[in-house]
There are 2 protein chains.
Amino acid sequence: MSDVTPRPRRSEATRAAILAAARERFAEDGYERATVRAIARQAHIDPSMVMRYFGSKEELFSQVIDVKLDIPDPDELAAEDVGTTIVGYFLDLWERDNVMVTLLRVGVTHPAGAARMREVFRTQVVPAVERFGYDPADAPRRAMLVSSQILGMALLRYVLRIGPAAEMSRADVIAWLGPTVERYITAPEP
Amino acid sequence: MSDVTPRPRRSEATRAAILAAARERFAEDGYERATVRAIARQAHIDPSMVMRYFGSKEELFSQVIDVKLDIPDPDELAAEDVGTTIVGYFLDLWERDNVMVTLLRVGVTHPAGAARMREVFRTQVVPAVERFGYDPADAPRRAMLVSSQILGMALLRYVLRIGPAAEMSRADVIAWLGPTVERYITAPEP
DNA sequence: TCTCGAAGTCAACGGTTGTTGGCCTACGAT
DNA sequence: ATCGTAGGCCAACAACCGTTGACTTCGAGA
C-alpha cells in the first residue's frame, strides 16, 4: 500500500526530540558519559525508545555527527581576504550548533569519532583547499596546517573554554588568525 | 642479591608498574575506557592493588597528569629564533613521553582533566610568555594564541594521527609554525 | 463500534564498572 | 624456629551500563 498521504507519523516529533537531546549530551559529556538513559531522560521518553528509533547507541551517534562543512569556494571571495574570510566562516560554523564540539570531543576518545574526523578532513577540507589551487599537489599538507590553527583555537575557545580564548572578541580572533591561515594556504614553501 | 638498603620496600616496584601502566592506558584510551582492571592487567597485579596504592581511580589519574612544562627562558635563546625554538621545544615535549597526550585526551572529556589543563595554562604558559616581556599586560592573550597553534598541531599529529600531520618532518613543522608562534609572541597588536 | 498495528511503558537481563574486606603467603626481626 | 606484618590475591558487593521482550495505550480505518 503506497499511500501518498503520509501517515500521522507522530513519531517524528519524538525522533527529533531524541536527536536533539543526544546532540546536547554527546557535545557536553563525550561518548561514554552520554548514557542512553541520560539522553532519554532529557527527551522525556523511555530509554527503550532510543533503541527502537535508532537501533543502538553507536548508530544514534553516527547520525548526530553527520556534518557538512560547506567551505566556501575561492571565487566567492576576494583573493586578498582568503584568511580572514575562512576564519570568520569557521567561527560561525562552531557557534551555529554543537556538532563540531561533539565531533572534536568524541573524536579524541572514541575510535568511531576519530574515524569520522579523518574522513571529514580527507573528503571535505583537503578538496576545499585544493580548489584554491595555489599548490594543488601539496593540498593535504596545507589543509592540515589550516586545520591545526582552526582546531586549536576551537579547542581552547569552545571545548575547554579557557578564559582568554573564550573572552576574545570575534574581530580579534579574525585579525590574529587570518594572516596565519592565509599564509598556510597561499605562501610558497618556506 | 645483597640488599644494602635498610628497607627492601619492594612495594616501590609495583607502585611504579601501576603508574607506568596507568600512563599508557589513560593516554591511549582516555579516562572512562581506561578501566582499573585494564591497568591492573597490564601491570600484572590485582585490581585491588590499585586502590591500595592510590586510594581511587581519580587519585591515580591526578598523579599521572602531574606535568612540568619547563618552558625555556627568553635569555637562553637568540631573539630572532623565538618562534622556531619554542616550536621545537614543544615537539620534544610531546614526543618524550605520553603525558601531554594523556592531558589533552582526558582534558577534553573529563572535568578533572579540563581543570588541570586550565591550571597548567594559567600557572605555566602565561608566566612563560610574560617572561618574554614584549607586551606583559597582554600575556594571557598571546599565551592563548601560541597554545592554540601548538595544541592544534599536537592534536592532529599525536592524538588523531591524521596522515599529513603525522608524516610531516620535524623540520617542516618548525619551518611552518615557527613564524606563526613568533608573530603571536612579538608582533604588536594587529 | 470494533479491530489492529503502531507508540510508549515497565521490568528485567547479562555484563562491566569502581571499590571493599577477608584470606593467604612470604620474609625480616626476634 | 617462630612470630608479626606487609604485600598480594580472591571473591564479592552495589551501582550502572546497553539492550531486550512483554505488556498497555491509543488513534485511525473498516
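Both backbone and side-chain heavy atoms feed into the values below; hydrogens, waters and symmetry mates do not. Naming: A, B, ... by sequence-line order, numbering from 1 per chain.
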Using atom [atom1] of [X] as one end and atom [atom2] of [N] as the other, report the distance to the nearest whole Å.
X       : N      : atom1 : atom2 : value
A:Arg33 : D:dG18 : CZ    : P     : 13 Å
A:Arg41 : D:dC17 : CZ    : C1'   : 13 Å
B:Ile45 : D:dC9  : CD1   : P     : 7 Å
B:Arg37 : D:dC13 : CZ    : C1'   : 11 Å
A:Phe54 : D:dT19 : CZ    : C1'   : 16 Å
A:Asp46 : D:dT25 : CG    : P     : 15 Å
A:Met51 : C:dT9  : CE    : C1'   : 16 Å
B:Arg25 : C:dG18 : CZ    : C1'   : 18 Å

Under the 6.0 Å and 45° cation-pi test, does A:Arg105 pair with A:Tyr31?
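Cation-pi check for A:Arg105 and A:Tyr31: fails.
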Face-on cation placement of A:Lys57 at A:Phe26 ring, 6.0 Å and 45° thresholds
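Negative - A:Lys57 is either too far from the ring of A:Phe26 or too far off its axis.
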OP1 or OP2 of [N] versus the side-chain N and O atoms of [X]: is any pair under 4.0 Å?
X       : N      : answer
A:Thr14 : C:dG8  : yes
A:Tyr53 : C:dA7  : no
A:Ser48 : D:dT20 : no

Will you find, in the side chains of B:Ser148 and A:Gln149, an N or O donor that is under 3.5 Å from an N or O acceptor?
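Looking only at side-chain atoms, A:Gln149 and B:Ser148 do form a donor-acceptor pair, the distance falling under 3.5 Å.
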Do the charged groups of B:Arg23 and B:Asp97 touch, with an N to O distance under 4.0 Å?
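The answer is no: the pair does not qualify as a salt bridge.
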Whether A:Glu119 and A:Arg116 form a salt bridge (side-chain N of Lys/Arg under 4.0 Å from carboxylate O of Asp/Glu) is what I want to check.
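Salt bridge flag = yes for A:Glu119 with A:Arg116.
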Side chain of [X] - closest among [options]:
X       : options               : answer
A:Met49 : C:dT9, C:dG18, C:dA12 : C:dT9
B:Arg52 : D:dG8, D:dT19, C:dT19 : D:dG8
B:Ser11 : D:dG7, C:dG18, C:dA7  : D:dG7

Classify B:Ser56 by what it touches in the nucleic acid, base, sugar-phosphate, or nothing, heavy-atom distance under 4.0 Å.
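If one applies the 4.0 Å heavy-atom cut-off, B:Ser56 turns out to touch the sugar-phosphate alone, with no base involved.
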